[in-house]
Amino acid sequence: MDQHTQVLIVGGGIIGVSVAYYAARAGLQVTLLERHRLAAGSSFGNTGLLTLCDSHPLAVPGSAWKGLKWLLQGRGPLYIHPRLDARFWLWLWRFARSGGDWETFRRGWAHNLALSRLSLELYEELVEQEGLPVRLYRAGVYHLAYTPEAWEETRRLVHEAQALGLQAHMLPPAEVFARLPHVRAPVVGGVFCPEDAHVDPAALVHALADRARHHGARIHEGVEVLHLSRNDARVTQVWTTHGVFHADWVVLAAGVWTRVLAQSIGISLDLEPAKGYSLTLRRPENAPPVALLLDEPKLAVTVFEDRLRLAGLLELSGMDPRLRWERVRHLMDAANQYLHVDTSAVLGVWRGWRPCTAHGRPYIGRAREVRNVVIATGHCTLGMTQGPATGRLVVDLILGHPSGLDMQLYAF
Ligand SMILES: Cc1cc2nc3c(=O)[nH]c(=O)nc-3n(C[C@H](O)[C@H](O)[C@H](O)COP(=O)(O)OP(=O)(O)OC[C@H]3O[C@@H](n4cnc5c(N)ncnc54)[C@H](O)[C@@H]3O)c2cc1C
């Protein structure tokens, strides 16, 4: 195994492999270390939506009250496990404030959009020019509201989206049923976002890793980074289960696990794991041919060649690995209640942790304290969407190229 490399990347999820791909393509000598296997973290069982319409911060104005209602009901899409941890409560307070008013929310959406737009362009380029063997499902995404309150919020979001230059078309219920016979009544209204797409997330990570290898990147699975040794303002040694590595640049792209790695070299990241669940089913005969987001139960539905995925829920319970079965049932019940699809052939149940910042933007940048370390994490619900753009920005930083985006937005 190489012991010296120009760029050493920790983490083999969408962010790590995106960095590996762009760095190798730029001619840099690249090594990526993944402790398990590629896409072992949250890049595995997610819905794979590549979305502009949903690139807004998670906390929508007014959502604090709605969140409280869901918590009190006990079966909603949000769950917070109370714990004695001042850092967590501070994060939660900042998170709730990020969607405090529409002005702040709009700014947050515009900031995320810059990154998501760049990423969607890069996805097109990857598939069309690089020949990335991955299917981009470009049929758009439908948002469906099932209650007047959800429709009210959706309509407001559509106005905001249109003001940001996005294509978001409101549809009356009759039009929804005409386009989507798989949907059960009573839909109050729908929105079609034609620019959005989706992809099989794990297949994408593997395909991108293959292209990175093709450009010379070395990708080692089953190698865990255990310790980073720092000498003044540089990381000098990376201690792993398979030896000690030296690198000109170290990129920490380990998803929710980045916080602890960064902390060990004096970098503090305001990052919180937000657990989500998914169910993967054998693709039913009557599967909807497009991606759906059911706005009131907060259920995302995507279809791949032979599978259908139901995902959602946001659980703030730290890194608690336990699966709350009533949450999984919530996904299944919502699918049965709102869609005409056969949900009996379950292929897998999954849970993963989204790496979430309080302000809703990812952290991408060089560490002030440690000059040869780059952080690339905190994409929360948008990691698949923003992966390629993040990879390219990290490589621009390393090469000292201007990125064309305001990198201060992603500082930490
Ligand atoms: C239910 C759910 C649905 C989602 N849906 C979408 C969606 O539709 N669209 C979207 O854009 N995003 C979605 N997301 C968010 C998306 O999954 C994440 O933002 C994204 O996967 C984060 O990627 P990552 O590379 O940062 O982290 P990860 O994929 O978690 O990768 C980090 C990797 O680092 C490795 N690692 C950790 N520590 C070490 C170490 N010490 N040494 C070596 N390796 C290490 C881990 O094993 C892991 O493989 C969803 C998330 C969930 C939970």
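Just follow the structure's listing: the first ligand is 1, and inside any ligand the first atom is 1.
Distances below 4.0 Å separate heavy atoms of G352 from the following atoms of ligand 1: 53 (C). Heavy-atom contacts of L33 reach the following atoms of ligand 1: 43 (C), 44 (N) (cutoff under 4.0 Å). Less than 4.0 angstrom separates some heavy atom of G13 from each of these atoms of ligand 1: 25 (O), 29 (O), 31 (O). Atoms of ligand 1 found under 4.0 Å from any heavy atom of G11, numbered from 1 in the order shown, are 33 (C), 34 (O), 35 (C).
Ranking protein heavy atoms by distance to atom 17 (O) of ligand 1, first place goes to S42 O, 2.9 Å. Protein heavy atom in closest approach to atom 4 (C) of ligand 1: N46 CB, 3.1 Å. Regarding atom 7 (C) of ligand 1, its nearest protein heavy-atom neighbour is L49 N, 3.5 Å. Looking only at protein heavy atoms, the nearest one to atom 13 (C) of ligand 1 is T381 O, 3.3 Å. At the top of the distance list for atom 24 (P) of ligand 1, counting protein heavy atoms only, stands I15 CG1, 3.7 Å. Distance from atom 27 (O) of ligand 1 to its nearest protein heavy atom, with residue and atom name: G255 CA, 3.5 Å. Nearest non-hydrogen protein atom to atom 48 (C) of ligand 1 is E34 OE1, 3.4 Å. The protein atom (non-hydrogen) at minimum distance from atom 5 (N) of ligand 1 is T47 OG1, 3.1 Å.
With salt bridges taken as basic N to acidic carboxylate O contacts below 4.0 Å, one links D200 and R307.
Scanning G383, P201, S43 for the heavy atom closest to atom 23 (O) of ligand 1 points to S43. Between atom 32 (C) of ligand 1 and the options A254, P362, G41, the minimum heavy-atom separation is to A254. Summarising the contacts of atom 41 (N) of ligand 1 with L331, L293, V19, V225, the nearest heavy atom is found in V225. Distances from atom 2 (C) of ligand 1 to the heavy atoms of R35, H36, R354 show the closest one on R354.
For W350, no nitrogen or oxygen atom sits less than 3.5 Å from a nitrogen or oxygen atom of ligand 1, counting backbone and side chain alike. Ligand 1 has no nitrogen or oxygen under 3.5 angstrom from a nitrogen or oxygen of A39. Annotation: H379 places no N or O atom under 3.5 Å from an N or O atom of ligand 1; distance criterion only. Every N/O-N/O distance between R37 and ligand 1 stays at or above 3.5 Å. For the pair A311 and ligand 1, the shortest N or O to N or O distance does not fall below 3.5 Å. Inclusion of P355 in the set of residues having an N or O under 3.5 Å from an N or O of ligand 1 is not warranted.
Below 30°, between 30° and 60°, or above 60°: for H215 and Y21 the angle between ring planes is above 60°, a perpendicular geometry.
The residue T302 has no part lying near ligand 1, judged by heavy-atom distances below 4.0 Å. Of the heavy atoms in Y277, only backbone atoms (N, CA, C, O) come closer than 4.0 Å to ligand 1. When heavy-atom distances to ligand 1 are checked against a 4.0 Å cut-off, S278 has no atom that comes that close, whether in backbone or side chain. Residue-level proximity to ligand 1 for T240 is absent, since no heavy atom of it falls below 4.0 angstrom. Residue contacts with ligand 1, taken as heavy atom pairs separated by less than 4.0 Å, involve V223 solely via the backbone atoms N, CA, C and O. Of the heavy atoms in C380, only backbone atoms (N, CA, C, O) come closer than 4.0 Å to ligand 1.
The backbone N or O of N46 sits less than 3.5 Å from a side-chain atom of R309, completing a donor-acceptor pair. Side chain of S403 to backbone of D396: no donor-acceptor contact under 3.5 angstrom is found. Side-chain N or O atoms of N372 include none that pairs as donor or acceptor with a backbone N or O of V250 at under 3.5 Å. T240 places no side-chain N or O within 3.5 Å of a backbone atom of V244 that could act as its donor or acceptor partner.
Under the 6.0 Å cut-off for aromatic ring centres, Y363 and Y410 do not qualify, their centroids lying 6.0 Å or more apart.
For the pair R179 and F192, the cation sits on the ring face: its NZ or CZ lies under 6.0 Å from the ring centre, inside 45° of the axis. Relative to the ring axis of W257, R35 places its NZ or CZ within 45° and under 6.0 Å from the centre.
Within 6.0 Å of atom CZ in F88, more than 12 heavy atoms from other residues, nucleotides or ligands are found, so the atom counts as buried in its surroundings.
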What do the steps show when you test W239 against S229 for side-chain hydrogen bond (donor to acceptor under 3.5 Å, both in side chains), and what is the final call? CA-CA 8 Å; W239 299 74; S229 288; 2.9 Å; yes

Applying ring pair (Phe, Tyr, Trp, His ring centres under 6.0 Å) to F105 and H56, what does each step give before you reach the verdict? CA-CA 7 Å; F105 177 80; H56 54 72; 5.3 Å; yes

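Side-chain polar atoms of S116 and Q386 form a donor-acceptor pair below 3.5 angstrom. With 3.5 Å as the limit, one finds a donor-acceptor pair spanning the side chains of T51 and D196.
With sequence neighbours excluded, the residues satisfying salt bridge (charged side-chain N to carboxylate O under 4.0 Å, His left out) with R25 are E125.
The list of salt bridge (charged side-chain N to carboxylate O under 4.0 Å, His left out) pairs with a residue in residues 264-281, not counting sequence neighbours, reads R83-E272, R87-E272, R94-D270, K275-E315.
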